[in-house]
**Student:** 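Before I ask anything, here is the structure I am working with.
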Amino acid sequence: MALLNDEIRGQVRELLDAMPDVVRLVFFKLPEDQCEYCGVIEELITELAETSARVVVETHQLDADKDVAESYGIDRAPALAIVGAKDYGLRFFGLPANYEFSTLIHGIQAAGHGAPGQLEESTLSYLASLNAPVHYQVFVTPTCPYCPGAAVLAYDMAVASDWVRAEVVEASEFPEIADRYSVMGVPLNVINETGRVEGRAPQQMIVETIKSVLA
Amino acid sequence: MFDFKLSTDVSKGSSGSSRYDLIIVGGGPSGLAAAIYAARDGIKTLVIEKSAAGGLAATTDHIENYPGFPEGIAGSDLMDLFQKQAVRFGAEILEFEEVTRIEPVRKGLLRVHTASDEVFEAKLVMLATGSKPKKLNLPGEDEFYGRGLSYCATCDGPLFRGKDVVVIGAGNSGLQEGVNLLSYARSVTFIEFLPYSIAEKILQERTMNHPNSTFYFNHQVLEIKGDKMVTAVVMKDRATGEVKELPTEGVFIYVGYSPDTKFLGDLVEMNQWGYIKTDTQMWTGVEGLMAIGDVRANNLAQVTVAVSDGTKAALAAREYLAKLEE
């Protein structure tokens with residue numbers, strides 16, 4: 001059975017057909033017996049590619065295609081790299097279901113337009129002044145209505161600056177990673193390992209956190 | 001189990017127009033019900049919601065007493081249907097935008113200011129900002145928020161798979177979310193201040209008969225303890241005065257709600273807890289300004305009641321807008 005019904009396909013098509021650049025969804029999977037949702041994710045992105053010609057899918061086995069994974073900085077699966085005219089550093093780890101489906105679509109749009117959604121002037125000018133790498137992780141769960149707001153901010157900032165890499169991680173699918181970062185509540189923003197902001201934070205607060213970890 | 005639906009929000013905002021007949025601040029059940037009625041009446045309606053539409057109802061794991069769904073329905077699914085119905089009639093829903101100020105200008109004109117410095121204008125504004133989980137103001141509560149302490153079991157429950165958790169508060173919300181947590185956690189311990197639960201009987205039965213639940217009634221939580229993460233709660237037996245420490249990895253607080261009305265300053269009349277006073281037609285007393293749903297004084301925190309408020313307000317709004325035209 002299709003994951004996306006006609007109504008959703010219609011909405012998605014309208015959004016994705018408007019993108020000037022084609023977006024490549026580079027999917028890294030594990031063998032089926034090691035990955036509960038890999039099949040679902042593959043089906044989902046295949047349906048997205050069917051829905052709009054502006055989306056294409058490329059699938060790799062994480063183990064077999066280690067070099068490719070490494071070139072995208074991906075060390076675990078299931079993982080998606082969302083790549084537009086260039087690789088803006090947008091990643092999604094896990095199944096982008098429920099509320100997180102909106103996050104995925106927003107990420108694709110941002111990459112396909114090569115432009116962030118709604119960033120404030122002050123945020124944009126700060127991002128333009130960056131000169132060091134920013135690893136911006138957002139931990140989410142699919143049932144959290146506050147999470148997409150946090151996740152899309154990361155994606156927007158990554159599209160706005162080549163220094164920012166935005167990884168959205170479905171925390172319940174990656175318990176070791178969630179443990180490593182002590183994720184006990186979502187959304188959780190982690191910037192360069194040490195900067196930690198709980199909840200859906202205003203842009204200014206994220207910018208201040210980036211400043212403080214880079215200082 | 002999972003589904004793929006699109007929030008209007010993250011990708012698309014409002015139509016770009018900034019003038020509306022009606023702006024509803026808050027996209028929970030009352031706001032969406034009002035939007036359904038108003039938009040269907042041809043009233044140009046915008047709903048502004050600070051996170052995703054659906055309000056607290058959307059973070060309720062399962063709603064069993066909303067008529068029309070004999071098997072019950074996930075809160076997020078129910079709110080998704082509300083939203084679709086409002087959009088179908090032409091209501092616009094702007095998500096992830098926070099209203100910071102309401103400025104009554106004159107009869108028939110109010111300005112609504114948002115956090116991203118946008119200004120919308122409407123002839124009529126409905127406050128449907130609802131309420132949010134109340135804090136207990138315990139030592140450790142702020143410190144461990146997001147570090148094992150949560151106010152949203154629907155959001156954070158999946159992170160506590162196989163762990164031992166505590167739910168503070170054994171009223172309706174606490175037990176309802178407790179049922180949800182029991183499906184993830186190894187054990188759920190409920191701590192209630194009162195000597196009994198005021199929750200619906202069906203919820204009491206479900207949680208109390210569950211093999212992995214424990215109840216402490218007549219106990220007061222004194223402190224949330226931990227190192228980097230929550231490790232224990234300290235509670236006092238109110239009958240004996242005995243203080244004990246209960247080891248746990250997660251604490252979920254469900255001790256009632258407080259209204260989201262701070263941003264209003266002294267614009268409208270509120271009761272001592274900050275809930276907005278209205279007349280039976282939902283008018284606040286400020287020209288063109290109504291309040292509906294959980295944010296309204298003496299309400300019951302039920303989806304059905306919120307829907308009723310939204311309906312009454314939308315009907316009164318139609319009359320008001322028609323009079324403005326005259």
Side-chain angles (χ1 to χ4, degrees), chain A residues 3-5 7-8 11-12 14-15 37 40 44 47-48 95-110 117-118 120-121 139-153 155 170-173 175 178 182-188 196-200 202-203, chain B residues 1-13 27 49-56 58-59 61 74-77 79-80 84 87 95-98 115-118 144-163 180 184 226 228-230 249-251:
Chain A
L3 297 173
L4 304 177
N5 64 30
E7 188 194 344
I8 301 291
Q11 293 171 5
V12 168
E14 192 186 323
L15 297 173
Y37 297 125
V40 184
L44 176 68
E47 288 186 27
L48 285 177
L95 169 65
N98 299 39
Y99 288 111
E100 288 311 310
F101 180 59
S102 295
T103 299
L104 173 67
I105 297 298
H106 182 94
I108 294 173
Q109 281 184 278
Q118 297 166 342
E120 292 158 19
E121 278 307 317
F139 293 91
V140 301
T141 62
T143 48
C144 160
Y146 314 103
C147 288
V152 304
L153 179 57
Y155 281 165
E170 204 282 86
S172 70
E173 287 175 63
S182 306
V183 184
M184 302 295 258
V186 288
L188 171 70
R196 195 179 159 105
V197 182
E198 273 115 22
R200 183 182 168 247
Q203 294 179 24
Chain B
M1 191 177 115
F2 43 74
D3 59 26
F4 301 94
K5 62 195 175 197
L6 210 50
S7 297
T8 47
D9 65 293
V10 271
S11 14
K12 265 200 280 188
E49 162 60 46
K50 73 173 173 188
S51 68
L56 270 184
T59 68
D61 179 50
S76 59
D77 288 344
M79 288 305 102
D80 196 38
K84 275 198 180 122
V87 170
E95 294 177 289
F96 299 103
E97 180 71 281
E98 187 167 358
S116 55
D117 283 336
E118 286 204 67
F144 292 111
Y145 172 65
R147 293 158 194 256
L149 187 141
S150 167
Y151 303 91
C152 181
T154 308
C155 306
D156 302 332
L159 303 169
F160 292 83
R161 210 178 291 271
K163 298 188 167 161
N180 177 20
Y184 295 109
K228 271 165 76 182
M229 298 288 139
V230 167
E249 291 165 278
V251 177

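Numbers restart at 1 for each chain; the letters A, B, ... are given by sequence-line order, proteins then strands. Note that the structure is a prediction, hence the values are computed from the model and not measured.
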**Student:** Which atoms of Glu7(A) are under 4.5 Å from chain B, going by heavy atoms: the side chain, the backbone, both sets, or neither?
**Tutor:**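 The answer is the side chain of Glu7(A).
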**Student:** Does this structure show an ion pair linking Glu198(A) with Arg147(B), if we count only N-O contacts that are shorter than 4.0 Å?
**Tutor:**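 Salt bridge flag = yes for Arg147(B) with Glu198(A).
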**Student:** For chain B, find which of Leu95(A), Val140(A), Asn5(A) contributes the most heavy-atom pairs closer than 4.5 angstrom.
**Tutor:**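 If we count pairs closer than 4.5 Å to chain B, Leu95(A) comes out on top.
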**Student:** With a 4.5 angstrom heavy-atom cut-off, which part of Val40(A) approaches chain B: side chain, backbone, both or neither?
**Tutor:**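 Interface part for Val40(A): side chain.
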**Student:** Heavy-atom cut-off 4.5 Å, strictly under: side chain, backbone, both or neither for Lys50(B) against chain A?
**Tutor:**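 Interface part for Lys50(B): backbone (N, CA, C, O).
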**Student:** How long is the span from the CZ atom in Phe4(B) to the CG atom in Leu4(A), to the nearest 0.5 Å?
**Tutor:**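 If I round to the nearest 0.5 Å, the distance is 7.0 Å.
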**Student:** How long is the straight-line distance from CE of Met229(B) back to CG of Leu149(B), given to the nearest 0.5 Å?
**Tutor:**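 Leu149(B) atom CG to Met229(B) atom CE measures 11.5 Å (nearest 0.5 Å).
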**Student:** Below 4.5 Å from any heavy atom of chain B, which atoms of Pro175(A) appear? Answer side chain, backbone, both or neither.
**Tutor:**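 Contact with chain B: none, neither part.
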**Student:** Looking at Pro145(A), Ser172(A), Ala151(A), Cys147(A), which one has more heavy-atom pairs under 4.5 Å with chain B than the rest?
**Tutor:**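 Of the candidates given, the most pairs with chain B belong to Pro145(A).
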**Student:** Which atoms of Leu104(A) come close to chain B, meaning under 4.5 Å heavy atom to heavy atom: side chain ones, backbone ones, both, or neither?
**Tutor:**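 Contact with chain B: none, neither part.
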**Student:** Quick check on Phe144(B) against chain A: is it the side chain, the backbone, both or neither that has a heavy atom closer than 4.5 Å?
**Tutor:**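 For Phe144(B), no heavy atom lies under 4.5 Å from chain A.
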**Student:** Which answer fits Leu188(A), side chain, backbone, both or neither, if we ask what part of it has an atom under 4.5 Å from a heavy atom of chain B?
**Tutor:**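 Contact with chain B involves no heavy atom of Leu188(A) at all.
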**Student:** Measure up the Tyr151(B) and Tyr145(B) rings against each other and bin them: parallel (under 30°), tilted (30 to 60°), perpendicular (over 60°).
**Tutor:**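 Plane angle between 30° and 60°, so tilted.
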**Student:** I need the Cys144(A) SG to Glu100(A) CD distance, nearest 0.5 Å.
**Tutor:**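 The CD atom of Glu100(A) is 7.5 Å from SG of Cys144(A), to the nearest 0.5 Å.
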**Student:** Do the side-chain N and O atoms of Glu170(A) and Thr141(A) include a donor-acceptor pair separated by under 3.5 angstrom?
**Tutor:**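 No.
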**Student:** With a 4.5 angstrom heavy-atom cut-off, could you sort out which part of Thr154(B) is near chain A: side chain, backbone, both or neither?
**Tutor:**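 For Thr154(B), backbone and side chain are both near chain A.
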**Student:** As an exercise, state the distance from CG of Asp80(B) to OH of Tyr99(A), rounded to the nearest 0.5 Å.
**Tutor:**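 Reported value, rounded in 0.5 Å steps: 7.5 Å.
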